[in-house]
J.: 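Mind having a look at this structure? Questions to follow.
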Amino acid sequence: MPEKFDAIVVGAGVAGLAAAYKMAQGGLSVVVIERGDYPGAKNVMGGVLYRSMMEELIPEFWKEAPLERPVVEQRFWFMDTDSVVSTGYKGQEWAREPYNCFTVFRGQFDQWFARKCTEAGAVIINETVVEECLLENGRVVGVRTNRPEGELYANVVVLADGVNSLLGKQLGFHQEWKPQQVALAVMEELKLPSEVIEDRFNLDPGMGTTIEIFGGGTLGLVGTSFIYTNKEHISIGVGALLSQIRQARVKPYDLLENLKKHPAVRPFIRNAEPVEYYAHLIPEGGYNAIPKLVGNGVLVVGDAAQLVNGIHREGSNLAMTSGRLAAEAVLRAHQIGEFDARSLSQYEEDLRNSFVIDDLKKYKDSSHLFENNTRYFNEYLPATNMALHEMLTVDGTSKKDKQKLIMQRLLRDSSLYSVGKDLYHAWKAMK
Amino acid sequence: MKDNKFSTKLRELKTEINIDDKLFLNRWKPDHHSHLEIIDPAVCLEQCPGKDCTVFCPAKVYEWRDDRITVGYEGCLECGACRIACPHQNIRWRYPRGGYGVQFRLA
């Protein structure tokens, strides 16, 4: 007699664990299947976890969860080859409860989150790959794992199997992603004493900074790079659309090494020791790439559903919210005893009424725009550096002449009309 | 696309590190057989002048040697890029068996 659960969750990332936690709390029998040695072993994130969406699941989680640093400052750099224009925001309200967001190590956080799921009654099975969903009369009734006699049955399967979502593809919920629908990111953890990190980043003890870098970090490819502070490590990474990396014939780790040598970056990471190296895909298809989310006996959450807001580097929060909403739909389905697509579609409706789909809709054309018009990343971002360089370099030229020079250089290759048009399109894609 | 500062630098970017030095930092549980497979080696030889996978793979899993792609699956970071960006969809990509492959501690 095969074992049957109320729900099977595939993948112990934050989307899957959010779903599992909420369903277990609601009294359902839940099993989470994870392919890594432990939850988090396969999970890679730049490192920012948002408080609000996590707190909807576990109030005041920051009092016990393994976190790195509360983020008190977010910096933004527009990078040229040897310079940056920098801006940002630092606020003391982010340094106290309830906080805005934290840097975390998923290798540690996800293990803690999984323990909370276990305490709520869920079962976590590690070191197990789900090979396929089991179908019966057009509905998903369970999964087949790589273990001998590894079939598990449930009323509902939640696919939280990450950006590659081989299971979603098998079910025909999405076609294989196109290289322009994902970003390839590489990242390193660099070890430094915490006081050194605090001195270099101008931080009070225990507090953290994030730096998002546009332009030079990816050498003009559509993407971003970033520097995040952890307790005793700095995360540094570069990500760009896979289509662009392939086309440029660049090795992703060469971009990372180039970033580490940039004069604005170098002093932050001096004498830091690399301790771990990662690569991961990030869903960047946005609103237009969202796959089918609900079927008979099955729901898709998190990265598997392309729920990432690339413009704001948000992902974990969309993942957790989608997991929670999926769980709520399953709990309602459980009450009425119906698990077909119609009953589970409450999830999709709730997701559409939440910030998740709203935000993705807002930026639905941005990635496409930046990929098709190379001027944004290759000309306008460096131009901010050129303009400030001219205005701030004192050499006896009058400010009026400097302004003229800046305009001349900006319009050397394009008309005022085309620059204006580009700026208008960018505004339209972002507004 | 016409040349600019970034595209010139991109083209002139040199590999100055040994990728193995980065991969050695990670914790691995290597399996005995590959989770990655070239579906038809003739496609790589005859239809794929670019051999893109040998460039964009962040772990340098793929190398062109003696007229074929070699697959160093042991150092795979399991990102999935090769499956999506192989111009001929010629890579069969699976997850390593449960518990095998790279095991990240931080991130």
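Proteins come first, then strands; the chains are lettered A, B, ... in the order of their sequence lines, and each starts at number 1.
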J.: Below 4.5 Å from any heavy atom of chain A, which atoms of B:Cys86 appear? Answer side chain, backbone, both or neither.
T.: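 It is the backbone, since no side chain atom gets that close.
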
J.: I want to check something: taking the side chain as every heavy atom from C-beta on, are B:Lys22 and A:Glu188 in contact at a cut-off of under 4.5 Å?
T.: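 Yes, side chains in contact.
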
J.: Taking the side chain from A:Glu276 and the backbone from B:Arg105, do they hold a donor-acceptor pair closer than 3.5 Å?
T.: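 Checking the backbone N and O of B:Arg105 against the side chain of A:Glu276, a donor-acceptor pair under 3.5 Å is found.
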
J.: Can you measure from OH (B:Tyr95) to CG (A:Asp161) and round to the nearest 0.5 angstrom?
T.: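 It is 5.5 Å, given to the nearest 0.5 Å.
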
J.: Report which part of B:Cys57 has an atom under 4.5 Å of a heavy atom belonging to chain A: side chain, backbone, both, or neither.
T.: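 For B:Cys57, the contact with chain A is made by the backbone alone.
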
J.: For B:Gly98 versus A:Val129, what's the shortest heavy-atom pair and its separation?
T.: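 Of all heavy-atom pairs spanning B:Gly98 and A:Val129, the closest is N-CG2, 3.5 Å.
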
J.: Of the backbone (N, CA, C, O) and the side chain (C-beta and beyond), which part of B:Ile17 lies under 4.5 Å from a heavy atom of chain A, both, or neither?
T.: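 It is the side chain, since no backbone atom gets that close.
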
J.: Give, for atom CG of A:Leu242 and atom CZ of B:Phe56, the distance between the pair rounded to the nearest 0.5 Å.
T.: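 Separation between the atoms: 6.0 Å.
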
J.: Contact between B:Ile84 and A:Lys178 at the side-chain level, heavy atoms closer than 4.5 Å - yes or no?
T.: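 Heavy-atom side-chain distance check fails, nothing below 4.5 Å.
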
J.: What is the distance from atom CZ of A:Arg246 to atom SG of B:Cys53, rounded to the nearest 0.5 Å?
T.: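 A:Arg246 atom CZ to B:Cys53 atom SG measures 11.0 Å (nearest 0.5 Å).
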
J.: Tell me, side chain or backbone of B:Lys29 under 4.5 Å from chain A's heavy atoms, or both, or neither?
T.: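 Side chain of B:Lys29 only, per the 4.5 Å heavy-atom cut-off to chain A.
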
J.: Going from CG on B:Leu106 to CZ on A:Arg106, what distance comes out if it is rounded to the nearest 0.5 angstrom?
T.: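 The CG atom of B:Leu106 sits 13.0 Å away from the CZ atom of A:Arg106.
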
J.: Between atom CD of A:Glu127 and atom OH of B:Tyr100, what is the distance when rounded to the nearest 0.5 Å?
T.: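 Spacing of CD (A:Glu127) from OH (B:Tyr100) equals 8.5 Å.
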
J.: Side chain, backbone, both or neither: which part of A:Gln108 has an atom under 4.5 Å from a heavy atom of chain B?
T.: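 Contact with chain B: backbone and side chain both.
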
J.: Quick check for you: among B:Gln89, B:Lys5, B:Lys9, B:Arg83, which has the greatest number of heavy-atom pairs under 4.5 Å with chain A?
T.: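 It is B:Arg83.
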
J.: Quick check for you: among B:Arg27, B:Lys60, B:Arg94, which has the greatest number of heavy-atom pairs under 4.5 Å with chain A?
T.: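 Between B:Arg27, B:Lys60, B:Arg94, the count favours B:Arg27.
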
J.: Can a donor-acceptor pair be found, under 3.5 Å and without considering hydrogens, that links the side chain of A:Asn378 to the backbone of B:Asn4?
T.: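 Not at all, since once roles are kept as given, no pair shorter than 3.5 Å links the two residues.
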
J.: Name the region of A:Phe377, side chain, backbone, both or neither, that has any atom closer than 4.5 Å to a heavy atom of chain B.
T.: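 Just the backbone, heavy atoms under 4.5 Å.
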
J.: Do B:Glu16 and A:Lys261 come close enough that some side-chain heavy atom pair is under 4.5 Å?
T.: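 They are in side-chain contact.
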
J.: Among A:Gly216, A:Ser235, A:Gly40, A:Ala248, single out the residue with the greatest number of heavy-atom pairs under 4.5 Å to chain B.
T.: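 Counting heavy-atom pairs under 4.5 Å, the top option is A:Gly216.
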
J.: Which bit of A:Glu68 comes within less than 4.5 Å of chain B, counting heavy atoms only: side chain, backbone, both or neither?
T.: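 Neither part, no heavy atoms under 4.5 Å.
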
J.: Among B:Leu23, B:Leu25, B:Asp21, which residue forms the greatest number of heavy-atom pairs with chain A at distances under 4.5 Å?
T.: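 Result: the option with the highest number of such pairs is B:Leu25.
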
J.: Pick one of side chain, backbone, both or neither for A:Leu281, based on which atoms fall under 4.5 Å of a heavy atom in chain B.
T.: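 Answer is both: backbone and side chain atoms of A:Leu281 are under 4.5 Å from chain B.
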
J.: Please give me the minimum heavy-atom distance between A:Ala41 and B:Gln103, naming the atom from each residue.
T.: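 Smallest heavy-atom distance, with atoms named: CB-OE1, 3.3 Å.
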
J.: Check whether A:Arg249 reaches the backbone of B:Gly50 with its side chain - one donor and one acceptor, N or O, closer than 3.5 Å.
T.: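 A pair under 3.5 Å: yes.
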
J.: What part of B:Phe24 lies closer than 4.5 angstrom to a heavy atom of chain A: side chain, backbone, both or neither?
T.: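 B:Phe24 has no heavy atom closer than 4.5 Å to chain A.
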
J.: For the residue pair B:Ala85 and A:Pro179, what are the closest heavy atoms and their distance?
T.: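 For B:Ala85 and A:Pro179, the tightest heavy-atom pair comes out as CA-CG, 4.2 Å.
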
J.: How long is the span from the CZ atom in B:Phe6 to the CG atom in A:Leu381, to the nearest 0.5 Å?
T.: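 That separation rounds to 7.0 Å.
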
J.: So, do B:Thr15 and A:Tyr253 sit near enough that their side-chain heavy atoms are less than 4.5 Å apart?
T.: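 SC-SC contact between B:Thr15 and A:Tyr253 confirmed.
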
J.: Any donor and acceptor pair, going by atom type alone, linking the side chain of A:Tyr278 with main-chain N or O of B:Ala107 inside 3.5 Å?
T.: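 Here the side-chain-to-backbone pair exists.
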
J.: Looking only at non-hydrogen atoms, find the nearest pair between B:Leu13 and A:Leu255 and report the distance.
T.: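 In this case the closest contact between B:Leu13 and A:Leu255 is CD2-N, 4.1 Å.
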
